Amino acid sequence: MKLNVKIGKVQFKNPVTVASGTFGYIEKYCSPSKISQLGAIVPKTVTLNLREGNPSPRIVETPSGMINAIGIENQGIDNFLSEKLPKLTKFKIPVILSISANTDKEFVTLAKKVNNAKGICAIELNLSCPNLKKKQLVAQDAKATYRLVKAVKKVCKKPVIAKLTPNVTNIVEIAQAAKKAGADAVSLVNTFAAMAIDIKNRKPVLGNIVGGLSGPAIKPIALKMVYDIYRETKMPIIAMGGIMTNDDALEFLIAGASMVAVGTASFVNPNASIEILSGIKKYMKKNKIKDIKQLIGSIRT
Ligand SMILES: Cc1cc2nc3c(=O)[nH]c(=O)nc-3n(C[C@H](O)[C@H](O)[C@H](O)COP(=O)(O)O)c2cc1C
């Protein structure tokens with residue numbers, strides 16, 4: 001059974017990975033031999049300098065999902081490369097590094113720093129950062145997406161994946177801008193803008209007031225976005241958004257995703273991604289599918 005997929009020049013041994021910010025350093029809960037079975041690992045987004053993140057509470061559970069407002073808490077790129085990366089490379093699977101910044105220049109600096117880092121196979125641009133000129137997120141603006149992806153592609157020796165926000169009217173337009181700028185793939189979706197209010201004191205539950213919704217509640221919407229982008233662009237897609245089971249993952253692959261990333265599910269079951277991988281294999285065996293590529297985009301409409 002062939003499970004390998006390719007993004008840019010990089011071969012992944014199978015299409016299952018984890019979503020940024022939901023899995024990073026969970027050896028405590030999940031055995032290293034299991035983690036090593038994954039196609040890739042995507043740690044928490046890293047920025048140029050340390051970020052303390054948002055005030056707590058940062059997470060709230062909702063019906064069929066959770067809202068988070070972590071605020072990209074991280075120790076900065078130099079600490080990541082010296083302290084965190086060696087812990088991740090010991091799993092002997094490729095690391096896709098998610099990066100974010102406040103300016104194009106900072107993104108370029110980050111990309112250059114990552115160029116020679118062994119073990120990092122690709123960069124994921126978390127474009128859910130503000131486009132300072134327009135006070136929108138970069139991925140809410142096709143022109144800003146084009147400009148930023150192009151700037152990073154110019155300096156980056158590794159495949160570049162543009163991570164899109166679902167908080168737009170036309171996500172296909174943003175994916176097309178990323179493709180035109182040379183992105184090797186897009187990943188989607190990031191979380192949906194959301195909030196929760198405590199009616200006892202009429203205060204927002206989250207310290208940041210608003211946050212992003214993830215989990216099963218968003219799956220059908222994410223699935224349609226993946227389907228639309230695949231149909232219109234045929235570019236490689238890493239899909240995420242409420243993937244809890246292997247059936248969910250299969251839906252995304254059939255809709256056109258080349259890879260699937262498990263996020264919120266890992267909070268419920270740290271082994272979810274590994275179980276999803278084995279469920280995909282069982283489905284392929286049962287349906288006599290020899291190569292995962294036969295499944296990708298195989299929707300019959
Ligand atoms: C607690 C938490 C932290 C997250 N942190 C990041 C992050 O640092 N960078 C990023 O690109 N996405 C981040 N995300 C979004 C996920 O990577 C993913 O895109 C989203 O949660 C949808 O997938 P899911 O429904 O399977 O969780 C975070 C999500 C959660 C729940």
Side-chain angles (χ1 to χ4, degrees), residues 16-26 40-47 50-54 56-77 80 84 95-101 107 110 122-130 137-139 160-167 171 185-194 196 206-208 210-223 225-226 237-249 251-252 257 259-270 272-273 275-276:
V16 180
T17 182
V18 288
S20 178
T22 63
F23 194 80
Y25 315 97
I26 69 161
I41 195 161
V42 189
K44 173 91 189 151
T45 298
V46 175
T47 51
L50 175 150
R51 274 177 65 105
E52 288 186 349
N54 290 325
S56 61
R58 293 169 160 194
I59 283 180
V60 56
E61 197 168 337
T62 62
S64 294
M66 68 191 270
I67 309 176
N68 91 82
I70 308 292
I72 316 193
E73 178 187 349
N74 78 99
Q75 302 286 315
I77 186 72
F80 176 85
K84 307 258 172 16
V95 174
I96 299 175
L97 184 64
S98 168
I99 58 170
S100 191
F107 264 106
L110 276 163
I123 286 184
E124 181 177 73
L125 305 176
N126 178 356
L127 301 180
S128 298
C129 49
L137 305 181
V138 168
V160 172
I161 302 154
K163 183 162 180 182
L164 308 183
T165 173
N167 300 306
I171 199 165
V186 284
S187 55
L188 61 134
V189 294
N190 211 318
T191 53
F192 285 75
L206 294 170
N208 189 51
V210 295
L213 179 66
S214 62
I218 69 171
K219 194 204 85 182
I221 322 174
L223 185 64
M225 289 178 167
V226 167
I237 299 169
I238 304 177
M240 65 213 72
I243 298 177
M244 308 300 281
T245 64
N246 51 279
D247 286 2
D248 294 334
E251 280 191 70
F252 278 98
M259 292 183 85
V260 286
V262 178
T264 299
S266 299
F267 287 81
V268 185
N269 169 14
S273 49
E275 289 169 15
I276 285 169

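Atoms within a ligand are numbered from 1 in the order they appear, just like the ligands themselves. The structure displayed is predicted, hence computed values, not measured ones. One is the number of the first residue; the rest follow in order along the sequence.
- The nearest protein atom to atom 29 (C) of ligand 1, hydrogens excluded, is given as Asn68 ND2, 3.4 Å; this is a heavy-atom distance.
- For atom 8 (O) of ligand 1, the nearest protein heavy atom (residue, atom name, distance) is Lys44 NZ, 2.9 Å.
- Scanning the protein heavy atoms around atom 9 (N) of ligand 1, the nearest turns out to be Thr45 OG1, 2.6 Å.
- Between the CD1 atom in Ile67 and the OG1 atom in Thr62 there is a gap of 5.5 Å [rounded to 0.5 Å].
- The OG1 atom of Thr191 lies 10.0 Å from the CE atom of Met66; values are rounded to the nearest 0.5 Å.
- When the heavy-atom distances from atom 22 (C) of ligand 1 to Val189, Ile67, Thr191, Ile99 are ranked, the shortest goes to Val189.
- Applying the 4.0 Å criterion to heavy atoms of Phe267 picks out, from ligand 1, the atoms 1 (C).
- The proximity of Ile218 to ligand 1, defined as any non-hydrogen pair under 4.0 Å, is limited to the side chain.
- A donor-acceptor distance shorter than 3.5 angstrom exists from the side chain of Arg58 to the backbone of Asn54, with no hydrogens or angles considered.
- Proximity of Lys219 to ligand 1, defined as any heavy-atom pair under 4.0 Å, is not found for any part of the residue.
- Defined by atom type and a distance below 3.5 Å, a donor-acceptor pair is present between the side-chain atoms of Glu275 and Asn269.
- Atom-to-atom distance recorded for Ile70:CD1 and Lys44:NZ is 5.5 Å, nearest 0.5 angstrom.
- Under the salt bridge (charged side-chain N to carboxylate O under 4.0 Å, His left out) criterion, the residue pairs touching residues 211-223 are Lys219-Asp248, Lys219-Glu251, with sequence neighbours excluded.
- Ligand 1 has no nitrogen or oxygen under 3.5 angstrom from a nitrogen or oxygen of Ala265.
- Scanning the protein for heavy atoms near atom 12 (N) of ligand 1, the closest one is Lys163 NZ, 3.1 Å.
- Of all the listed residues (Gly21, Ala239, Gly241, Ser20), Ser20 holds the heavy atom that lies closest to atom 14 (N) of ligand 1.
- Those atoms of ligand 1 that come under 4.0 Å of a heavy atom in Gly242, given as number and element, are 24 (P), 25 (O), 26 (O).
- Proximity of Thr264 to ligand 1, defined as any heavy-atom pair under 4.0 Å, is shared by backbone and side chain alike.
- Nearest protein heavy-atom contact of atom 21 (O) of ligand 1 is Ser214 CB, 3.3 Å.
- For Ile59, no nitrogen or oxygen atom sits less than 3.5 Å from a nitrogen or oxygen atom of ligand 1, counting backbone and side chain alike.
- Judged by distance alone, with hydrogens and angles left aside, the side-chain atoms of Ser64 form no donor-acceptor pair with the main-chain N or O of Ala217 at under 3.5 Å.
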Output a table of donor-acceptor pairs, distance under 3.5 Å, between side-chain atoms of residues 123-130 and any protein atom two or more places apart or on a different chain; print 'none' if there are none.
residue	atom	partner	partner atom	Å
Glu124	OE2	Ser187	OG	2.7
Asn126	OD1	Ser128	N	3.1
Asn126	OD1	Asn190	ND2	3.4
Asn126	ND2	Thr45	OG1	3.2
Ser128	OG	Asn190	ND2	3.2

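- Taking atom 15 (C) of ligand 1 as the reference point, the nearest protein heavy-atom neighbour is Asn190 OD1, 3.5 Å.
- Side-chain contact, Thr165 with Asn167: a donor N or O sits under 3.5 Å from an acceptor N or O.
- Side chain of Asn74 to backbone of Ile72: a donor-acceptor contact under 3.5 angstrom is found.
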